[in-house]
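I have placed the structure first, in the form of structure tokens, so that the comments after it can refer back to it.
Given the structure is predicted, the values throughout are model-derived calculations rather than measurements.
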Amino acid sequence: MNASTATTENPVYGPLQYLKGVGPWRAEVLSKLGLHTIRDLLYHLPRDYQDRSRVKTISEVAFNETTTIKGQVKGVRIIPTRGRRGAILEVLVADDTGTIAATWFNMPYLRDRFKVGDEVLLYGKIHMHRYLQIINPEFEFPGKGDAPDPLSSNRIVPIYPLTEGVKQNYLRRLIRKALDDYTDYLDEIMPEPLIKSRHLIPLHQAMEDAHFPENFDVLKPARRRFAYEEIFLFQAALAVRRQKIRSEKGYAFRIGASVDSHIRSRFPFKLTNAQERVLEEIRTDMQGASPMNRLLQGDVGSGKTVVALYALLVAVANGFQAAFMAPTEILAEQHNRTVGKYLSGSKVRTMLLVGGKPSKERKESLKKIKDGEVDLVIGTHALVSKDVQFKNLGMVVVDEQHKFGVLQRAHLKHKGVRPDVLVMTATPIPRSLSLTLFGDLDISIIDELPPGRTPVKTVWITKRMHHEAYRLIQEELKKGRQVFVVYPLVEESEKLDLKSAVEGAETFRENFPESKVGLLHGRLRQELKDAVMDDFRQRKIDILVSTIVIEVGIDIPNATVMVIEHAERFGLAQLHQLRGRIGRGSDQSYCLLFADPKTSDARSRLQTIVNSSDGFRIAEEDLRLRGPGEFFGTRQHGLPDYKVADLTKDLMLLKTARDDAFKMIEQDCTLREYPLLRENVLARYTSRIRLASVV
């Protein structure tokens, strides 16, 4: 195809229903897989491969392997099951070396396909449950004269993502037909110079080798080609967005020696080297003509709030308003107290704006903000309400940015005319995810804790160690210290067999009768939550039993013990965040992980948190164990739907493709030289790229 051919004239972009073997009904089913055109079908790459090139004897098979065997049907029976979930079909198959049971669950209708004496070819996973089994295998009957399916037998077989009503064999035949008839119409969207410089194999070859590889050796370059293309397209979209942001005109703040020293005088301590480095990056941004668009990462307790306050006060010193948005009222109120402490006696006019204010009081607050009578507004999502209007908003800080929806962040920014934006997170993000999620943001990292912090001792507590743990807790309580206790659930769950926070509070009251025990969970009304936290902060509560609501940002310096019940149920990032609630001073603190894990992954998580206090190392391990889709526990963060690229394994490829994309956009931000590349970037990401940015 000529690169300039319009997509509307190219049959590969035609509706899938017109491909032989599809039709309107099957086209509707295939659309559930996101397959609408023939090109979509060709790019529906396998999720896995199975080596069916060798048939094993029954005596050769190993447990848990997926393999091919051939034998003769010796018996067929239906095994009833309890309830209405169908039955088990069991077909006994034997060869000269042994016997195996081919087992299908809830598919009794297959019974008539098998006759005693038939020769059968089976492909599936080997299990051992009283006797040797092959579970839910695919099957063929070469002994009946059936020719083995050339796409599913005696070769490396592709395994595709499916949906209800679509089977592997059907999809293989359909894709083979599309490859034979339409490969020549596929446009090469990647620029020729990149194909050569990065040693990418041609698209047509990559397509054939990815779908129906002759051997495993050809798979690696085919996979690399498609992974690079996926990453490049997304990074090109981020680069375009970054160019757009940098082309906008913002406020060039003045930060002279007087402003700098005046702000620093508010902090009764020396900043760390890491804080100084990050401040220099922020100052450079704020003094530039383009709006700042920066992500600040820092481990729990690293001093991000002080850095953010410096940026907010620069805006105020320049005659602008500033906004500081936190994800919860508890955290907003804590920031308000912290800011109030640093600004005590200053002329900076601050206001806390959260939900639930009386109507009259709220109206008065909104009028002050609109009239410019407030310099710094600290609040929750209440800041993005339509009725909140600023006179001249110049600086926006968003804390724990991943807790907010994309539109909430966008609404706050758009309350000013291109204000500077600083988003913060205490969740360390692995390098690969930072480049993927925040490629259009400049990134600063505070990788140093303030001096004087005593490292938290983390101990994995098994059932036999409970008494020792309770003894340690009692010793800390006698010193006047306080204790956090965290449970994963609010109410008892029979399925998970977990203690609830409610029952946990009773347990701690029984074990520590002289201590005041409080309870905090997500189902309490906001005013009750606030009251409990205030009591804990004022030391009216000794032991606070809570759910995950205390994960982020809560600062109680007198708390020296963090008990995490059923710690195996928490992700690594959660465990690290919870541990960060203690160890805020020079006193020795303890994180006690009460856990009896049943899986190797759970044991690995606990061992990682016990052995390391490095948030970024922990985050890398968390990403490896859970994968990028589950890292944040939500899909709102703009992760692209990579089908080939693996962010846990392809970091070097990610860096290469990102560098190439950003370099190309710097030279030609409209991609005029490569119209097909431009079309693909726009088609994929025009409506979604907002997810990758604060705007």
Q538 atom CD, over 12 foreign heavy atoms within 6.0 Å: yes

N558 side chain to Q482 side chain, donor-acceptor N/O pair below 3.5 angstrom: yes

Side-chain (D420) to main-chain (P291) donor-acceptor, under 3.5 angstrom: no

Flag side-chain contact, heavy atom, 4.5 Å: I582 against T560: no

Minimum side-chain heavy-atom gap F512-Y470 below 4.5 Å: yes

Passing candidate, side-chain contact (heavy atoms from CB on, under 4.5 Å) with M562, options V486, L575, L592: V486

Q588 side chain vs P455 backbone, donor-acceptor pair below 3.5 Å: yes

For S589 against A559, the heavy-atom pair lying closest together: OG-O, 4.2 Å

Min side-chain heavy-atom separation I461-L593 under 4.5 Å: no

Pairing of E276 and R264 as salt bridge, 4.0 angstrom limit: yes

Side-chain heavy atoms of L519 within contact of V517, under 4.5 Å: no

Any side-chain heavy-atom pair of L352 and V354 under 4.5 Å: yes

Worked verdict on M351 versus S365 for side chain to side chain contact (heavy atoms under 4.5 Å, CB included): CA-CA 8 Å; M351 175 185 287; S365 297; 3.6 Å; yes

Validation row: L520, V545 side chains within 4.5 angstrom (heavy atoms): no

Basic-acidic side-chain contact under 4.0 Å: E280, R277: no

For residues 304-314, which side-chain donor-acceptor pairs fall under 3.5 Å, sequence neighbours excluded?
unit_1 : atom_1 : unit_2 : atom_2 : d
K304   : NZ     : G298   : O      : 3.3
Y310   : OH     : D260   : OD1    : 2.5
Y310   : OH     : R283   : NH1    : 3.3

Spacing of L279 atom CG and S444 atom OG [to the nearest 0.5 Å]: 9.5 Å

Under 3.5 Å: donor-acceptor pair, side chain of N336, backbone of A332: no

Plane angle bin for H335 and F324 - parallel if under 30°, tilted between 30 and 60°, otherwise perpendicular: parallel

Modelled atom types, side-chain donor and acceptor of R266 and S346, under 3.5 Å: no

Sequence-distant partners of E475, side chain to side chain contact (heavy atoms under 4.5 Å, CB included), two or more places apart: R471

From E620 atom CD to S612 atom OG, the distance as rounded to the nearest 0.5 Å: 11.5 Å

Closest non-hydrogen atom pair between V396 and P419, with its separation: CG2-CG, 4.2 Å

Heavy-atom pair with the smallest gap, counting every atom of A274 and D447: CB-OD1, 3.6 Å

Qualifying residue, where the test is side-chain contact (heavy atoms from CB on, under 4.5 Å) with V278 and the options are I445, T272, N273, I446: I446

F484 vs I556, side chain to side chain contact (heavy atoms under 4.5 Å, CB included): CA-CA, chis, key distance, verdict: CA-CA 10 Å; F484 281 112; I556 309 291; 3.9 Å; yes

Salt bridge (Lys or Arg N to Asp or Glu O under 4.0 Å) between E506 and R509, intermediate numbers included: CA-CA 5 Å; E506 289 303 317; R509 287 187 184 105; 2.8 Å; yes

Plane angle bin for F267 and F269 - parallel if under 30°, tilted between 30 and 60°, otherwise perpendicular: parallel

Side-chain touch M395/M292, heavy atoms, less than 4.5 angstrom: yes

From CA spacing to verdict: side chain to side chain donor-acceptor pair (under 3.5 Å), T380, E329: CA-CA 6 Å; T380 59; E329 290 191 12; 5.3 Å; no

Salt bridge (Lys or Arg N to Asp or Glu O under 4.0 Å) contacts in which one or both residues fall within residues 380-393, not counting sequence neighbours: R362-D387

Check: E476 and K479 side chains under 4.5 Å, non-hydrogen atoms: yes

Pair I564-F594, side chain to side chain contact (heavy atoms under 4.5 Å, CB included): steps then yes or no: CA-CA 6 Å; I564 305 177; F594 282 62; over 6 Å; no

D375 with R349: basic N within carboxylate O range, under 4.0 Å: yes

R294 and E281 ion-paired at < 4.0 Å: yes

Test item: side-chain donor near acceptor, D299 and H576, under 3.5 Å: yes

Side chain to side chain contact (heavy atoms under 4.5 Å, CB included) between M465 and T462, intermediate numbers included: CA-CA 5 Å; M465 299 167 64; T462 59; 3.5 Å; yes

More than 12 heavy atoms of other groups within 6.0 Å of R603 CZ: yes

Heavy-atom closest contact (I609 atom, R579 atom, distance): O-NH1, 2.7 Å

Polar contact flag, side-chain donor to acceptor under 3.5 angstrom, T425-Q297: no

Taking every non-hydrogen atom, the tightest pair across P597 and A602: CB-CB, 3.6 Å

